[in-house]
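Each chain gets a letter, A, B and so on, in the order the sequences are listed, and its residues count up from 1.
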2 protein chains.
Amino acid sequence: MSYTYKYPRPALTVDCVVFGYSSSNANLQVLLIQRGIEPYKGAWALPGGFVNMDEDLETAAKRELQEETGVCNVFLEQLFTFSAPQRDPRGRVVSVAYYALIPLDSVQPKAADDADNVAWYNVNKLPPLAFDHSLIMDTALRRLRAKVRYQPIGFELLPPKFPLSALRILYQSILNLDKPLEKRNFRKKILKLGILNPLDEYQQGVAHRAARLYSFDKQKYEQLQKREAVLSFDLF
Amino acid sequence: MSYTYKYPRPALTVDCVVFGYSSSNANLQVLLIQRGIEPYKGAWALPGGFVNMDEDLETAAKRELQEETGVCNVFLEQLFTFSAPQRDPRGRVVSVAYYALIPLDSVQPKAADDADNVAWYNVNKLPPLAFDHSLIMDTALRRLRAKVRYQPIGFELLPPKFPLSALRILYQSILNLDKPLEKRNFRKKILKLGILNPLDEYQQGVAHRAARLYSFDKQKYEQLQKREAVLSFDLF
DNA sequence: TCAAAAGTGTTACAGATACACCCATGT
DNA sequence: ACATGGGTGTATCTGTAACACTTTTGA
């Protein structure tokens with residue numbers, strides 16, 4: 001390696017907005033960590049940390065996620081890079097934000113990490129956050145709400161087998177629709193997409209007629225994507 | 001400032017994918033720079049450079065854009081942050097990519113910068129690019145093609161006053177549709193959106209009936225956005 | 001037998017698509 | 001007069017929205 005840069009360099013971190021969802025209480029939650037040291041000691045913040053010199057950003061985000069929640073193999077996507085010069089009082093820190101989706105019904109995140117205080121907060125009842133983390137949260141929530149409308153990422157928050165009502169309620173929780181989604185039309189629409197496999201399994205232990213379970217068929221989705229990619233033109 | 005970080009830090013750069021469009025030749029172009037120094041000496045690359053310690057990333061991207069093209073006040077949006085550890089042979093360099101949209105009919109970018117060789121390339125006829133810039137280009141093009149379908153960013157590539165046919169041809173150039181857009185339906189659809197102002201001005205110097213000119217009404221668009229934001233639910 | 005959610009069809013309306021001719025202008 | 005793109009309306013089809021009752025199960 002015969003070249004090197006000698007410019008002053010900002011520090012580089014990743015921060016993760018970890019969304020969790022459980023069908024039982026039907027609300028969208030975010031994992032926060034209470035800071036044990038200055039600055040912002042005692043304030044809640046997004047999990048995150050420094051990027052190592054030999055890992056790429058997604059690897060760093062996965063590592064943080066593993067350290068904080070014990071969770072791996074979940075949906076993780078780059079969100080935005082935040083770079084306001086004064087965003088960290090300790091000096092110049094640029095942070096690449098990621099967001100993750102965790103199905104709390106099927107994955108068991110460990111309750112707490114190290115000595116830190118870790119907690120899930122309802123996205124609608126967040127405490128004040130350290131640094132510019134409120135801005136990051138807001139960006140993540142807007143991204144999730146937008147993306148869930150045109151990509152099948154909602155399934156990343158559900159267990160592998162789920163009844164249609166769970167999917168419907170999930171959408172209602174993420175989007176804050178003024179009217180609830182209509183049962184029959186939702187069913188028609190989603191089944192017509194052809195990306196769900198009906199299973200010969202049913203809900204158990206419910207005090208009403210047991211609903212059929214479905215699974216998301218990623219392969220079918222990708223095949224359909226390829227086919228329809230160039231055919232239509234929507235214009236806003 | 002009583003805290004400082006002492007970790008090893010990747011270098012941080014911005015790279016810009018500068019899209020240019022001119023109605024006269026109706027093709028989408030990208031600004032490239034031929035490298036004068038190693039590594040990749042002689043190869044074509046995206047314009048870009050280091051981020052200063054006191055500027056945020058968007059400011060850095062604007063500065064680069066100004067230096068390379070003399071252009072300012074154009075559409076500029078963060079694209080993605082690229083971080084593969086070996087993407088730059090000189091050492092660890094993380095790059096935040098931006099993309100810009102320039103209406104070549106109304107804005108005059110200066111032909112060349114410094115001693116560098118600068119050129120516009122048709123997006124469908126790109127030369128091999130230095131570093132991971134082909135990946136960045138590909139990401140930018142996919143973003144532009146996706147975004148143009150659901151946000152009115154096409155207007156950023158047209159002069160302030162334009163005939164509807166220019167808009168239609170622009171969409172055809174950006175998306176590679178298998179069939180051309182149908183004139184009457186395109187007109188109906190776009191006018192019904194209510195975000196174009198018809199002007200009392202017409203094309204000049206054309207060897208056929210002169211088309212009415214329109215302008216994009218950003219305020220109307222934003223008002224409509226607010227109103228319709230939560231009302232509909234599309235589901236892919 | 002009651003409570004609670006599952007499952008099912010039809011009608012009305014809106015938006016999308018397909019399609020062909022006359023008009024205005026410059027050469 | 002001719003070549004070139006501008007501008008216009010209708011019929012059909014497809015997808016969306018609104019709406020109520022019967023079925024199954026556990027308590």
Exercise. How many Å lie between CG on L181(A) and C1' on dA5(C), as a whole number?
Worked result: 16 Å
Seminar exercise, completed: Here the distance between atom C1' of dG7(C) and atom CZ of F186(A), to the nearest Å, is 15 Å
Exercise. Rounded to whole angstroms, how far apart are CZ on R209(A) and P on dA6(C)?
Worked result: 9 Å
Exercise. Considering residues, nucleotides and ligands other than K220(A), do more than 12 of their heavy atoms fall under 6.0 Å from its NZ?
Worked result: yes
Exercise. Is atom CG of N25(A) surrounded by more than 12 heavy atoms (other residues, nucleotides or ligands) closer than 6.0 Å?
Worked result: yes
For this session: Would you mind telling me which residue lines up with the more 5' stretch of DNA chain D, R212(B) or H208(B), judged by nearest nucleotide?
Result: H208(B)
For this session: Using atom CD of Q172(A) as one end and atom P of dA5(C) as the other, report the distance to the nearest whole Å.
Result: 13 Å
Problem set entry | Worked verdict on E201(A) versus R212(A) for salt bridge (charged side-chain N to carboxylate O under 4.0 Å, His left out) | CA-CA 6 Å; E201(A) 297 179 55; R212(A) 178 187 289 273; over 6 Å; no
For this session: Take K226(B) and E222(B), measure what salt bridge (charged side-chain N to carboxylate O under 4.0 Å, His left out) needs, and give me the verdict at the end.
Result: CA-CA 6 Å; K226(B) 280 178 199 162; E222(B) 282 165 0; over 6 Å; no
Problem set entry | F19(B)/Y21(B) aromatic ring centres below 6.0 Å | no
Exercise. What do you reckon, are the aromatic ring centroids of Y99(A) and F75(A) less than 6.0 Å apart?
Worked result: yes
Exercise. Looking at F216(A) versus F162(A), is the centre-to-centre ring distance below 6.0 Å?
Worked result: no
For this session: Would you jot down, in residue-number order, the residues of residues 195-207 of chain B having a non-hydrogen atom under 4.0 Å from DNA chain C?
Result: V206(B), A207(B)
Problem set entry | Summary of protein contacts for nucleotides 8-15 of chain C, nucleotide by nucleotide, where a base hit scores B, a sugar-phosphate-only hit scores S (4.0 Å, heavy atoms) | BBB-----
For this session: Take atom CD1 of I190(B) and atom P of dG7(D), then tell me their distance rounded to the nearest Å.
Result: 14 Å
For this session: Please report the closest heavy-atom contact between L101(B) and I153(B), naming both atoms and the distance.
Result: CD1-O, 3.6 Å
